[in-house]
Peer 1: 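Pasting in a structure now, in structure tokens, and then I'll have a few things to ask.
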Amino acid sequence: MKKPANLLYGVNENPSLGVTIVLGFQHIFTMAAAFVLPVIIVRSLGGSHDLAKSMISLSMIAAAIGTFLQTLKRGSLGCGYLCPEHPGPSYLSASLMAANTGQVSLVFGMTLIAGVFEVVISRVMHRLRSLFPTEVVGVVVTMVGVSLVPTSVSQLFGVCGADQISTAGECTTGLATLAIMVSLNVWGKGKLRLFCVLIAMVAGYVLSYCFGILTNTQFSRLSIEPLIALPDITHVGWSFDARFLIPFLVAALSSTLKSVGDITTCQKINDAEWKRPDLESIGGGILVDGLSAISGGLLGGMGQSTASGSVGLSIATGATSRRIGFTVAGILLFMAFVPKLAAIFAIMPMPVIGALMVFVASFMIVTGIQIMASRMIDSRKTFIIGFSMIFGLSVELFPSLYAGIHPVIKPMFTSSLALGTISAVVLNFLFRMGISKSETTELDPGEIFTDKIFKFMQSQGAVWGMRQEIIYRATSAVNEVMESLSSLCRVDGKVQARVSFDEFNLDIVLSYRGELMTFPEVRPLQSDLIEDDRNFIKLSGFLVRQQVDQISTRIEDGHCSIALHFDH
């Protein structure tokens, strides 16, 4: 990997211990909102405050295990990037259904099965490359950011749940917190940029207290929490119900697709020469995602998923070091046994949470657009991207539209991320029908062929989703060969150009009858060109060789073949 210029600490670099700890706490702040999900589940079934605290602590332990394994990268285990785990929103809908039917034991049992299903998916990810081309992954990453918008914007102005009234203090706190984050990130240098989120959140807490959003009563709760306590596991048990199998498998699939987007984003932001998703790394990440869900079910917590907000924070701060990932895992584990520390995050004001989510969502959305724009887009890909985003957004814009969906498949329609990403995968599968892996055209050396070459490569590049850079190189190389064949070589008849493509290779074979063109590795001297005009063929061949990754020629009974290969 080539480290991008905007990264302060790349994946293989180690910031100092102090900087690492502070950055680790920034990620914990970013992930804090996800630990409210177990509380929502417990409250839905009328559970006690102690049960909610236990589920949070045990979910933190599962998240710590997953974050450590995700960062570690040993063999096929983990993605090897800063991509922490936390309670997955994808599991919320199915977990609520299970909790209201069979209490928390059913949630834990079905989460176990969902985790096993995700582990199975991870083992075949490398065979599913055709289902995850770049435009689909770009849609997933974009929808990850878009899915944060409704909640983040409402919380930014202090509107959430039963509280539907925004006060001047909440608006001021949210906007001021966001403004500080953005200002330090855009104009700040060094540690000011690194710690922009933490500085802004401290300011947000202070403003929240000044405006009465945080009260003395809330702070008094911190004092009654014990400093150290073991999580209560008396509620842990497991039960199973076949009726909830499909909802939990759909939740696992949604979590998988979200993780594909998160890990792809990690790959892209850590490599200035990123070309395509590395499915081997993604498979390792999904394996840990599944193991994290299994850990959540076994321990008595919630299903886990990669933390999209944390990935967005990495982009914003320019710090993606693995050491930060290990630190996040350590802090999560520590917090699981220190209720007083965890309570600080539990009272985080809504406007502060909203500002943070708006901040990180911006980076996720733009990264997704960049991934989609890295390939040529034809009408098929236009519909894949457009339809997926339209139907995904419809969940947020018209929630009542899907109110009558059968409970078995309802998890697919509970978020813009789930519906948008599943739509992208399905549409990609349908639109791939009828796409040939190779195409042939004929070029006449005696006619004007430049426009024909350009239009042919542009149209096929769009259909196949090629990178513009490769299309330009291939067009230039073929055009150079044709120029030489038409003016410097003896050619009998037309030249047949056969173009073949897969995600990794572009191969162009030019076949004709006549004189074989040569492609020297050494540039002809100027004196050689003056002495013999035929040496211009060698110069042309030398220029072509500079544009391709491999070249080979063959002649048999006057039939010539020139094979141009480009790494994609």
Side-chain angles (χ1 to χ4, degrees), residues 34-35 37-38 40-42 44-45 55 58-63 65-67 69-70 77 83 85-125 128 140 144 147 236-263 282-308 405-415 417-419 421-422 425:
F35 290 100
L37 300 181
I40 295 174
I41 294 172
V42 172
S44 72
L45 53 84
M55 275 195 71
L58 295 169
S59 295
M60 284 181 174
I61 295 174
I65 294 171
T67 300
L69 294 177
Q70 198 72 270
L77 186 66
C83 191
E85 297 276 331
H86 68 5
S90 305
Y91 287 97
L92 181 60
S93 177
S95 296
L96 286 171
M97 292 165 55
N100 288 299
T101 300
Q103 299 296 307
V104 290
S105 63
L106 185 58
V107 176
F108 304 149
M110 299 310 297
T111 300
L112 272 172
I113 294 176
V116 171
F117 176 65
E118 197 167 1
V119 167
V120 173
I121 294 176
S122 74
R123 298 302 83 201
V124 296
M125 278 299 298
L128 303 178
V140 175
V144 166
S147 66
V236 180
W238 306 274
S239 60
F240 305 92
D241 190 330
R243 292 176 299 172
F244 294 95
L245 182 61
I246 292 179
F248 272 88
L249 295 187
V250 170
L253 180 60
S254 298
S255 177
T256 298
L257 294 174
K258 184 173 82 71
S259 296
V260 169
D262 289 338
I263 297 169
I282 291 174
I286 301 243
L287 172 59
V288 170
D289 214 38
L291 293 175
S292 298
I294 292 173
S295 298
L298 281 175
L299 293 172
M302 190 178 169
Q304 305 289 307
S305 183
T306 51
S308 304
I405 295 293
H406 193 281
V408 169
I409 60 172
K410 195 164 187 176
M412 294 173 57
F413 298 86
T414 54
S415 74
L417 172 62
L419 185 56
T421 53
I422 290 174
V425 172

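Quantities reported herein were computed from a predicted structural model and do not represent experimental measurements.
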Peer 1: Could you tell me whether the side chain of Ser292 reaches within less than 4.5 Å of the side chain of Ile65, counting heavy atoms only?
Peer 2: no

Peer 1: Given the rule in the side-chain contact (heavy atoms from CB on, under 4.5 Å) test, do Phe108 and Met55 qualify, once you have shown the distances and angles that lead to the verdict?
Peer 2: CA-CA 11 Å; Phe108 304 149; Met55 275 195 71; 4.0 Å; yes

Peer 1: Would you say Val116 and Leu112 make side-chain contact, with heavy atoms under 4.5 Å?
Peer 2: no

Peer 1: Just verifying a value: how many Å separate Leu106 CG and Asn100 CG, rounded to the nearest 0.5 Å?
Peer 2: 10.5 Å

Peer 1: Which pair of heavy atoms, one from Phe240 and one from Gly109, lies closest together, and at what distance?
Peer 2: CE2-O, 3.1 Å

Peer 1: Closest approach of Leu45 and Ala99, non-hydrogen atoms and distance?
Peer 2: CD2-CB, 3.4 Å

Peer 1: What pair of heavy atoms forms the shortest contact from Ala252 to Ala114, and how long is it?
Peer 2: CB-O, 3.5 Å

Peer 1: Only one of Val140, Leu257, Val144 forms a side chain to side chain contact (heavy atoms under 4.5 Å, CB included) with Asp262, so which one is it?
Peer 2: Val144

Peer 1: Of all heavy-atom pairs between Gly297 and Trp238, which one has the smallest distance, and what is that distance?
Peer 2: O-NE1, 2.8 Å

Peer 1: If only atom types and distance count, is the side chain of Asp289 paired as donor or acceptor with the main-chain N or O of Gly285 below 3.5 Å?
Peer 2: no

Peer 1: Do Ser254 and Leu417 make a side-chain contact, defined as non-hydrogen atoms from C-beta onward lying under 4.5 Å apart?
Peer 2: no

Peer 1: Donor-acceptor pair, Ser122 side chain versus Gly284 backbone, under 3.5 Å?
Peer 2: no

Peer 1: Identify the heavy atoms of Gly300 and Leu58 that sit nearest to each other, and give their distance.
Peer 2: O-CD1, 3.7 Å

Peer 1: Could you walk me through whether Met302 and Val107 pass the side-chain contact (heavy atoms from CB on, under 4.5 Å) test, one step at a time?
Peer 2: CA-CA 8 Å; Met302 190 178 169; Val107 176; 5.9 Å; no

Peer 1: Short question: side chain of Lys258, backbone of Thr306 - any donor-acceptor pair under 3.5 Å?
Peer 2: yes

Peer 1: Okay, side chain of Glu118, backbone of Leu291: is any donor-acceptor separation there less than 3.5 Å?
Peer 2: no

Peer 1: Could you tell me which residues satisfy side chain to side chain donor-acceptor pair (under 3.5 Å) with Ser59, sequence neighbours excluded, listed by chain and number?
Peer 2: none

Peer 1: Just jot down the side chain to side chain donor-acceptor pair (under 3.5 Å) partners of Thr111, sequence neighbours excluded, or say none.
Peer 2: none

Peer 1: Kindly indicate whether the side chain of Thr421, heavy atoms from C-beta on, has any atom under 4.5 Å from the side chain of Val260.
Peer 2: no

Peer 1: Rounded to the nearest 0.5 Å, what separation is found between the CD atom of Gln70 and the OG atom of Ser259?
Peer 2: 7.5 Å

Peer 1: If you round to the nearest 0.5 Å, how far is CZ of Arg123 from CG of Leu287?
Peer 2: 4.5 Å

Peer 1: Using distance alone, with no hydrogens and no angle criterion, decide if Asp241 and Thr101 have a side-chain donor and acceptor under 3.5 Å apart.
Peer 2: no

Peer 1: Taking the inter-plane angle between the rings of His86 and Phe35 on a 0 to 90° scale, is it parallel (under 30°), tilted (30 to 60°) or perpendicular (over 60°)?
Peer 2: perpendicular

Peer 1: I want to check something: taking the side chain as every heavy atom from C-beta on, are Leu299 and Val236 in contact at a cut-off of under 4.5 Å?
Peer 2: no

Peer 1: In chain order, what residues pass the side chain to side chain donor-acceptor pair (under 3.5 Å) check against Gln304, with sequence neighbours excluded?
Peer 2: none

Peer 1: May I ask you to test the Ile113-Phe117 pair for a side-chain heavy-atom distance under 4.5 Å?
Peer 2: no

Peer 1: Would you say the side chain of Met97 lies within less than 4.5 Å of the side chain of Phe248, judging by non-hydrogen atoms?
Peer 2: no

Peer 1: For the residue pair Ser239 and Ser105, confirm or rule out a side-chain donor-acceptor distance under 3.5 Å.
Peer 2: yes

